[in-house]
Amino acid sequence: MKTALPTIGIRPTIDGRRLGVRESLEDQTMNMAKAAAALIEANIRHASGDPVKCVIADTCIGGPAEAAACADKFKANNVGVSLAVTPCWCYGSETFDMDPFTPKAIWGFNGTERPGAVYLAAALAGLNQKGFPAFSIYGKDVQDATDTSIPEDVAEKILRFCRAGLAVATLRGKGYLSIGGCSMGIAGSIVDQSFWENYLGIRVQAVDMTEVRRRMDQKIYDEAEFDLAMQWADSVFKFAEDKNRPDLKLDEAGRRKTFRESVLMAMIFRDMMQGNPKLKKIDREEESLGYQAIAGGFQGQRHWTDFYPNGDIAETLLNSTFDWNGPRAPLPFATENDSLNGACLLFGYLLTGQANVFADVRTYWSPEAVKRVTGYTLEGHAKDGIIHLINSGSAALDGCMACTGKDGQPVMKKHWDVTPDDAKTMMEQAVWCPANREYFRGGGYSVHYVTRGGAPVTMMRLNIVKGLGPVLIVAEGWSVDLPAEVHKTLDERTDPGWPTTWFAPRLTGKGAFTDVYSVMANMGANHGAFTYGHIGADILTLASMLRIPVYAHNIPDDQIYRPSAWGLHGTADPEGADFRACANYGPLYGKY
């Protein structure tokens with residue numbers, strides 16, 4: 001079952017006075033709307049890969065009647081993001097969008113012939129006074145009235161606003177599938193349903209892990225597809241030596257059973273999240289519907305993994321951009337049901353259409369410590385130290401950065417650009433290691449790879465603080481290559497059977513980004529998520545729409561884009577203003 005994708009509504013707003021004023025502006029105003037729509041549709045896709053559709057009001061909006069007609073059209077066309085455009089003065093509170101849940105922006109044309117900037121300021125003031133924070137878009141340079149181009153700075157703001165706004169609209173009404181409960185006392189897997197409901201507009205569906213076992217034992221899955229999955233898995237999985245002590249090693253029958261169940265778990269998790277119409281054919285119509293989940297998580301440890309295979313294969317495949325059916329969109333899925341890190345996986349996916357990597361924030365290696373242990377001097381991006389990101393057995397296969405971009409550098413591709421050859425290349429980098437049965441008594445397989453260095457990446461972590469609510473940290477940086485022997489020495493001090501990324505955050509010399517040690521110290525939890533590219537500015541914009549304050553980030557000031565009302569909460573201290581604005585407006589969908 002799928003819901004309709006949200007669209008972007010464009011509101012050409014105009015001076016309502018007739019007898020020549022409005023008439024002289026009709027074409028210019030509507031052309032602004034058409035130009036904005038063309039820009040958006042040419043540059044943005046939904047995370048699913050589907051094209052974005054813009055819906056333009058049937059007429060320019062000069063007063064309440066036309067504003068109401070526009071609202072009706074937007075409702076009929078599932079508009080989830082609202083962009084007003086105007087080259088002139090208009091009647092502020094009579095024309096603007098007052099839907100409380102729709103992210104809003106206004107592009108006021110910077111021209112001298114008509115006071116577009118005056119309307120922009122008046123409308124923003126009205127929206128702020130009425131409690132509807134909106135984003136301001138105004139070019140730095142004056143344009144001629146006949147200039148139909150969109151300046152680069154205006155285009156950047158329109159696209160950033162739309163990317164984040166679509167993420168907000170896509171979240172609304174979906175589900176988080178919580179399979180199991182809290183894993184080993186991890187705070188993020190204490191699933192806070194109020195957070196998901198009030199901040200994201202998402203329902204939490206809690207399902208016991210026994211449902212997975214029931215579907216396995218009663219064959220509530222497509223057996224033909226499972227045969228296909230196993231044929232694929234047998235042809236592409238490479239296994240490492242079992243390093244368990246002799247009394248904990250499984251025999252061949254045990255290894256085979258564990259492997260089959262591990263792959264089957266991936267199929268069952270997917271079916272539970274999305275549904276599977278083929279289950280109707282085996283008289284399982286209820287199960288065929290799924291839980292309409294846009295993200296999920298699996299507790300695993302310890303109530304499952306003490307006697308059943310761990311979820312590493314399943315979690316790895318779900319978070320990756322391919323499986324036995326070929327390339328496809330990733331399904332954000334949290335290890336140990338750390339739902340707060342699951343939200344980070346989800347944010348990254350919605351903003352990029354890429355896979356996101358779930359990782360332990362494991363170890364800070366200072367230059368001095370690396371030198372002492374290996375004799376090697378860190379250099380390049382790593383010169384100030386590195387953080388070892390290494391999850392205990394699962395990570396999106398795209399995180400190996402085996403794919404290569406047009407510039408010849410390592411990259412994670414948008415899932416719609418991933419080819420079967422890309423999938424093969426990624427699988428070739430992965431080695432599947434029999435799980436450490438001292439930890440995972442039921443067995444299973446951990447994925448091992450090493451991320452190629454030199455790729456720009458953005459990491460984030462969402463935390464909840466009692467009395468304050470959710471807060472976010474965003475860290476841009478780079479993956480790092482280490483010499484083989486240096487990597488081996490450092491990696492084997494933890495577990496060489498787990499996926500490794502050496503991460504060097506970009507430092508600013510202040511706050512949490514004074515040094516690399518401070519970045520790790522301020523992460524706020526034991527898990528984080530990262531994806532390819534420096535997308536921190538988009539994350540900050542998204543967070544402001546969701547009213548989640550960002551307590552630490554290393555995004556340049558000129559890239560920070562939040563609603564205009566944030567500046568009215570203080571300009572000398574943007575971080576503090578972010579907290580004050582988020583607290584003032586509160587969660588998008590009601591009191592937390």
Side-chain angles (χ1 to χ4, degrees), residues 177 179 209 211-240 250 252-282 284 287-291 293 296 298 300 304-305 308-333 335 355 393-398 400 415 418-435 442-449 499:
L177 178 61
I179 304 176
M209 290 184 290
E211 172 63 8
V212 180
R213 191 73 249 174
R214 182 181 77 92
R215 292 189 182 216
M216 285 182 167
D217 293 346
Q218 296 184 10
K219 295 187 180 298
I220 308 175
Y221 54 86
D222 180 354
E223 292 189 68
E225 185 183 3
F226 182 51
D227 288 343
L228 172 69
M230 287 309 304
Q231 290 172 24
W232 171 81
D234 285 336
S235 69
V236 298
F237 274 63
K238 298 183 300 183
F239 296 101
L250 296 173
E252 180 57 32
R255 287 194 294 272
R256 185 63 182 172
K257 181 175 184 294
T258 298
F259 183 45
R260 286 177 60 84
E261 290 196 346
S262 296
V263 175
L264 180 56
M265 286 166 67
M267 184 180 295
I268 288 174
F269 291 164
R270 181 206 63 190
D271 288 354
M272 291 174 70
M273 290 178 69
Q274 295 187 326
N276 187 343
K278 292 184 178 180
L279 300 184
K280 289 183 181 180
K281 297 179 180 179
I282 57 171
R284 295 290 186 172
E287 291 89 342
S288 75
L289 298 177
Y291 290 102
F298 178 61
W304 178 276
T305 57
Y308 293 135
N310 63 29
D312 290 349
I313 285 179
E315 292 161 9
T316 293
L317 292 178
L318 289 177
N319 281 308
S320 301
T321 56
F322 63 92
D323 59 18
W324 51 88
N325 288 316
R328 49 121 177 99
L331 289 172
F333 201 83
T335 299
S394 76
L397 292 164
D398 303 67
C400 67
H415 70 82
V418 172
T419 67
D421 284 344
D422 292 327
K424 180 181 177 182
T425 298
M426 286 186 262
M427 280 300 297
E428 287 173 348
Q429 301 304 308
V431 178
W432 301 86
C433 308
Y445 291 90
S446 302
V447 65
H448 172 69
Y449 62 72

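Computed from heavy atoms alone, side chains included, the values below leave out hydrogens, waters and symmetry copies.
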For Phe237, check ring pair (Phe, Tyr, Trp, His ring centres under 6.0 Å) against everything at least two apart and list the hits.
Trp232, Phe259, Trp432
Could you tell me whether a side-chain N or O of Thr316 sits under 3.5 Å from a main-chain N or O of Ala395, the two making a donor and an acceptor?
yes
Using only atom types and a distance under 3.5 Å, with no angle test, would you say the side chain of Asn319 pairs donor to acceptor with the backbone of Phe333?
yes
Residue list, salt bridge (charged side-chain N to carboxylate O under 4.0 Å, His left out) with Asp217, at least two apart or on another chain:
Arg213
Listed once per pair and sorted, the salt bridge (charged side-chain N to carboxylate O under 4.0 Å, His left out) pairs that draw on residues 268-281, sequence neighbours left out
Asp222-Lys278, Glu225-Arg270
Using a strict 4.0 Å threshold on nitrogen-to-oxygen distance, state whether Asp234 and Arg256 make a salt bridge.
yes
Considering non-hydrogen atoms only, spot the tightest contact between Tyr221 and Leu279 and give its length.
CA-CD2, 3.6 Å
Donor-acceptor contact below 3.5 Å, side chain Thr321 vs main chain Ala355
no
Sequence neighbours excluded, the answer for side chain to side chain contact (heavy atoms under 4.5 Å, CB included) partners of Arg328 is Asp323
Pairs involving residues 308-320, ordered by first then second residue, that meet salt bridge (charged side-chain N to carboxylate O under 4.0 Å, His left out) (sequence neighbours left out):
none
Return the set of residues passing side chain to side chain contact (heavy atoms under 4.5 Å, CB included) with Arg255 (not counting sequence neighbours), or none when no residue passes.
Leu250, Glu252, Tyr445
Is it the case that over 12 heavy atoms from other parts of the model lie below 6.0 angstrom from the NZ atom of Lys238?
yes
